[in-house]
**Student:** 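Questions regarding the structure given below will be posed in turn.
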Amino acid sequence: MFAQRIQKLWDRFPGDAVLITSPKNRYYYSGFTGTDAALLLTKKENLIFTDSRYHIQAKEQAQDFTLVDSAACSPVDFINQNHLEHIGFEESEMSVCEYQRMSGKFQHVVLEGISPAIREQRKMKDAFEIENIRTAAAIADAAFSYIIKEIRPGRTEKELALCLEFFMRRQGAEGLSFETIFASGQRSAMPHGTASEKPLETGDFVTMDFGCTYHGYCSDMTRTVTVGKASPKQKEIYQIVLAAQHAALETVRAGAAAKDIDAAARNIIEEAGYGKNFGHGLGHSLGLDIHERPSLSPKSEDTLSAGMLITDEPGIYLEGFGGVRIEDLLLVTENGCEDFTLSAKELLEL
Ligand code: ZN
Ligand code: ZN
């Protein structure tokens, strides 16, 4: 698996060596999860530089790599000693200070940024990635089934968000994909309203947007429910968002333009008169990061391919009233998609 990923990177970068310094890409190319290390991919061998805190872990996790004690030899030393000249590095993952310190030590080296090449490579998920994302999505689904039984007037957003997060950890998640969004009542008009001390009240919309990580891979889902009976206006907005979410889902397949998927949802919301209340793009890809390419928006120039993961998450947000978002996580297939989010989407009045 790692050999294939490294080979695919060489297909995109015809240089002498690649220096990988970011935690997620270190994991992607080697399996190493420690917090301090660098990978150096060369035509002859793959090296992992780390200090004694991580030697045992590196030997266990990065079995395709030769371990180098970073206290004795740094990647820069190795590059200089072996006269490697054309080096790819992660320019998007390095501070100006780190870049200056590194580049000042090189002799006769040409540095080339390869962050776009890595981003492009990570768009397509392999079987290992897809299975872990599917598991992370299943844990989130289970958490939703659990939390809807806990929702009642008087409990605060923060308390319920914690219950949700605790449940996911108990189910095997390592952590959260992002800070849980748990917004009720008028607060649900904030697309990214994180949990507050506000208690739930009868008549509130409650928007929950959450996900967990499993073997490093993220899930992401959103459901909106009401506390008690929904008002006619709440039902109206909910049904528009649901129709938009469904229309986009029906448009997803390999070869489709990302902006057309966005348009399938956006047209329905615009025709219903709420176009200005849907300010964000329809969705995004994810993987080791919660936001990856491609993105689905009116400006996106991406085309979908089988093996990509995307979210479908339209919303309507009315300041002073509340908001609705419904989000599923989809695996793009040749003829359509597989929906990884299995929780019901009809309006739940709890
Ligand atoms: Zn989300
Ligand atoms: Zn999302």
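Note that ligands are numbered from 1 as they come in the structure, with each ligand's atoms numbered from 1 the same way. In this text, all values refer to a predicted model and were calculated from it rather than measured experimentally.
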**Student:** I'd like to know: is the Zn ion (ligand 2) within the 2.8 Å range of an N/O/S atom from Glu327, strictly under that distance?
**Tutor:**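 Of the N, O and S atoms in Glu327, at least one lies under 2.8 Å from the Zn ion (ligand 2), which means yes.
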**Student:** Go through the steps for Lys345 and Asp328 under the test salt bridge (charged side-chain N to carboxylate O under 4.0 Å, His left out), then give the verdict.
**Tutor:** CA-CA 9 Å; Lys345 284 188 278 194; Asp328 281 359; 2.6 Å; yes
**Student:** Under a 3.5 Å cutoff, is there a donor and acceptor pairing between the side chains of His284 and Asp220?
**Tutor:** yes
**Student:** Name of the Asp220 N, O or S atom nearest the Zn ion (ligand 1)?
**Tutor:**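 Output for this pair reads OD1.
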**Student:** Would you say the side-chain atoms of Lys198 and Ser184 include a donor-acceptor pair closer than 3.5 Å?
**Tutor:** yes
**Student:** May I have the angle between Glu313 OE2 and His284 NE2 with its vertex at the Zn ion (ligand 2), rounded to 10°?
**Tutor:**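 With the Zn ion (ligand 2) as the vertex, OE2 (Glu313) and NE2 (His284) sit 90° apart.
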**Student:** Check Asp209 and report its N/O/S atom nearest to the Zn ion (ligand 1), by atom name.
**Tutor:** OD1
**Student:** When the ring centroid of His108 is compared with that of Phe106, is the distance short of 6.0 Å?
**Tutor:**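 For His108 and Phe106, the ring centres are not under 6.0 Å apart.
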